[in-house]
2 protein chains.
Amino acid sequence: MENRDNGPPAGLSDKLNGELLSADCPSRGVLKHVTSQWGVLVLIALQGGTHRFSELRRRIGGVSERMLAQTLQVLEADGFVARRAYPVVPPHVEYSLTPLGEEVAEKVRVLADWIEVNFHRLPASRRAAQRPARVPV
Amino acid sequence: MENRDNGPPAGLSDKLNGELLSADCPSRGVLKHVTSQWGVLVLIALQGGTHRFSELRRRIGGVSERMLAQTLQVLEADGFVARRAYPVVPPHVEYSLTPLGEEVAEKVRVLADWIEVNFHRLPASRRAAQRPARVPV
DNA sequence: TTCCATACTTACCTTTCCGTGCGTACTTAC
DNA sequence: GTAAGTACGCACGGAAAGGTAAGTATGGAA
């Protein structure tokens, strides 16, 4: 038995697989940040361009100030979010995606869009089906 | 403003954004399951084909029995994982991805692969700051 | 007879997550 | 003068995540 019997579709080598699946893979930390509950939404919300703090907070429904600030800091430390603060009297800070951030955000968005589009095919939509007028044939 | 909420799901654009970013979007639950720490790794590990429980456990480094069982149950309830149990004397259960599961897993894998490939481009401060902080009591 | 392997489940406990409320330094609006 | 907005930081407490260990049923190996 040498190589695999039914390998993954295409693209990246199986070597990468072994890395991520190993417990000490350093990428896991970044992956956790990116796939965190608010991390996903921040990346998607920032894809539209530059936004201010409270603007983002209104944009992302349900996020608290604490979580938004924390998520932005983590994503900034990872190099995905750029923070620009102006030393003016009412605080003015602008957040945007770095080139790296744009790349991950695109991947994240593809995943999120798939879930939104295919949500009606999932059994979860039956369990929590409380929607008034959204029933396709 | 465009107002098409019953159109074909062919092209997804900014309309979808508003749904996911709103607090009561039902897709958020599924998104959370898929992007959960172990959910991501289970989906990737199952992309190779069918695997048994302890086989998955050895494959995914660092996962506990409890978390693996729980994650598999959630993913099965969402319709991403298929579970087939044989009524034999030593329990024999096989896990695989459903067609839906294969689709998400691919999206998840693209994201995970990007992070692994581009990890070296990320700021070094992040890499060094990964340590289990132990606070003395 | 005891141990092990399988695929979990349950109980117990620690750790992390996350919302709420408060404070800041300053300005505009009422 | 009071309220609101801005962009957070800090402390508290409840909720959730997650690890460890033990139990369950059964047959085969030692």
Side-chain angles (χ1 to χ4, degrees), chain A residues 21-25 28-42 45-46 50-78 81-96, chain B residues 23-24 28-42 45-46 50-78 81-96 129-137:
Chain A
L21 293 178
S22 73
D24 55 346
C25 181
R28 276 201 187 178
V30 180
L31 181 65
K32 202 174 173 182
H33 299 160
V34 170
T35 61
S36 69
Q37 183 179 181
W38 302 118
V40 169
L41 299 178
V42 164
L46 278 178
T50 297
H51 292 281
R52 301 183 59 179
F53 185 87
S54 49
E55 200 174 352
L56 277 173
R57 188 156 134 73
R58 283 186 293 268
R59 200 174 227 259
I60 302 171
V63 70
S64 65
E65 291 189 359
R66 200 178 95 92
M67 278 301 102
L68 182 56
Q70 194 178 93
T71 304
L72 284 169
Q73 282 172 6
V74 169
L75 257 38
E76 189 196 356
D78 282 343
V81 165
R83 184 189 121 106
R84 168 176 289 181
Y86 299 90
V88 291
V89 160
H92 187 113
V93 183
E94 288 181 352
Y95 292 94
S96 58
Chain B
D24 55 346
R28 277 202 186 177
V30 179
L31 182 65
K32 202 173 173 186
H33 298 161
V34 170
T35 61
S36 69
Q37 181 180 182
W38 302 118
V40 170
L41 299 180
V42 164
L46 277 178
T50 298
H51 292 281
R52 301 182 60 178
F53 185 86
S54 49
E55 201 174 354
L56 276 173
R57 190 154 130 72
R58 283 187 293 265
R59 200 171 226 258
I60 302 171
V63 69
S64 66
E65 292 189 0
R66 203 176 88 93
M67 278 302 104
L68 181 57
Q70 194 179 94
T71 304
L72 285 169
Q73 281 171 4
V74 170
L75 258 36
E76 189 195 355
D78 282 343
V81 165
R83 179 185 188 267
R84 169 174 289 183
Y86 299 91
V88 290
V89 161
H92 187 114
V93 184
E94 287 181 351
Y95 292 95
S96 59
Q130 280 285 52
R131 102 184 65 103
R134 190 64 179 164
V135 189
V137 192

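Just so it is clear, the model here is predicted, and its values are computed rather than measured. Naming: A, B, ... by sequence-line order, numbering from 1 per chain.
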Practice problem: Dot-bracket for DNA chain D, please, read 5' to 3', with Watson-Crick or G-U wobble pairs under 3.5 Å on both distances, ( ) within the strand, [ ] crossing, | other strand, . unpaired. | Solution: ||||||||||||||||||||||||||||||
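Separating the NE2 atom in His33(A) from the OG1 atom in Thr35(A) is a distance of 9.0 Å, to the nearest 0.5 Å.
The main-chain N or O of Thr50(B) is never found under 3.5 Å from a side-chain atom of Ser96(B) such that the two would form a donor-acceptor pair.
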Output a table of nitrogen or oxygen pairs between the protein and nucleotides 5-9 of chain D separated by less than 3.5 Å.
residue, atom, partner, partner atom, Å
dT6(D), O5', Ser54(A), OG, 3.3
dT6(D), O3', Arg52(A), NH2, 3.0
dT6(D), O3', Pro91(A), O, 3.0
dA7(D), OP1, Arg52(A), NE, 2.8
dA7(D), OP1, Arg52(A), NH2, 2.8
dA7(D), OP1, Val93(A), N, 3.4
dA7(D), OP2, Ser54(A), N, 3.1
dA7(D), OP2, Ser54(A), OG, 2.8
dC8(D), OP1, Arg83(A), NH1, 2.3
dC8(D), OP1, Tyr95(A), OH, 3.4
dC8(D), OP2, Arg83(A), NH1, 3.4
dC8(D), OP2, Tyr95(A), OH, 2.1
dC8(D), N4, Glu65(A), OE1, 2.5
dG9(D), OP1, Gln73(A), NE2, 3.3
dG9(D), OP2, Gln73(A), NE2, 2.6

Could you run down the sub-3.5 Å N/O contacts of the protein with nucleotides 12-15 of chain D?
none

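Of all the heavy atoms in Tyr95(B) and Leu46(B), the pair that sits closest is O-CD2, 3.5 Å. Here the closest non-hydrogen pair linking Leu75(B) and Gly39(B) is CD2-O, 4.1 Å. Considering all non-hydrogen atoms of both residues, Leu56(A) and Ala45(A) come closest at CD2-CB, 4.0 Å. Minimum heavy-atom separation, Leu21(A) to Arg28(A): O-NH2, 3.1 Å. Here the closest heavy-atom approach between residue Glu65(A) and residue Phe53(A) is recorded as O-CZ, 3.7 Å. The nearest pair of heavy atoms linking Ala23(B) to Gly62(A) is CB-N, 3.9 Å.
Atoms CZ (Arg57(B)) and P (dT9(C)) sit 14 Å apart, rounded to a whole Å. Atom pair Leu68(B):CG and dT20(D):C1' shows a separation of 16 Å (rounding to whole Å applied). Taking atom NZ on Lys32(A) and atom P on dA16(D), their separation rounds to 17 Å, with Å as the unit.
For the pair Val63(A) and Val42(A), the minimum side-chain heavy-atom distance is 4.5 Å or more.
One finds no side-chain N or O of Gln37(B) lying less than 4.0 angstrom from the OP1 or OP2 phosphate oxygen of dA17(D).
With Val81(A) as the partner, the side chain to side chain contact (heavy atoms under 4.5 Å, CB included) test is satisfied by one option alone out of Leu72(A), Thr71(A), Val74(A): Leu72(A).
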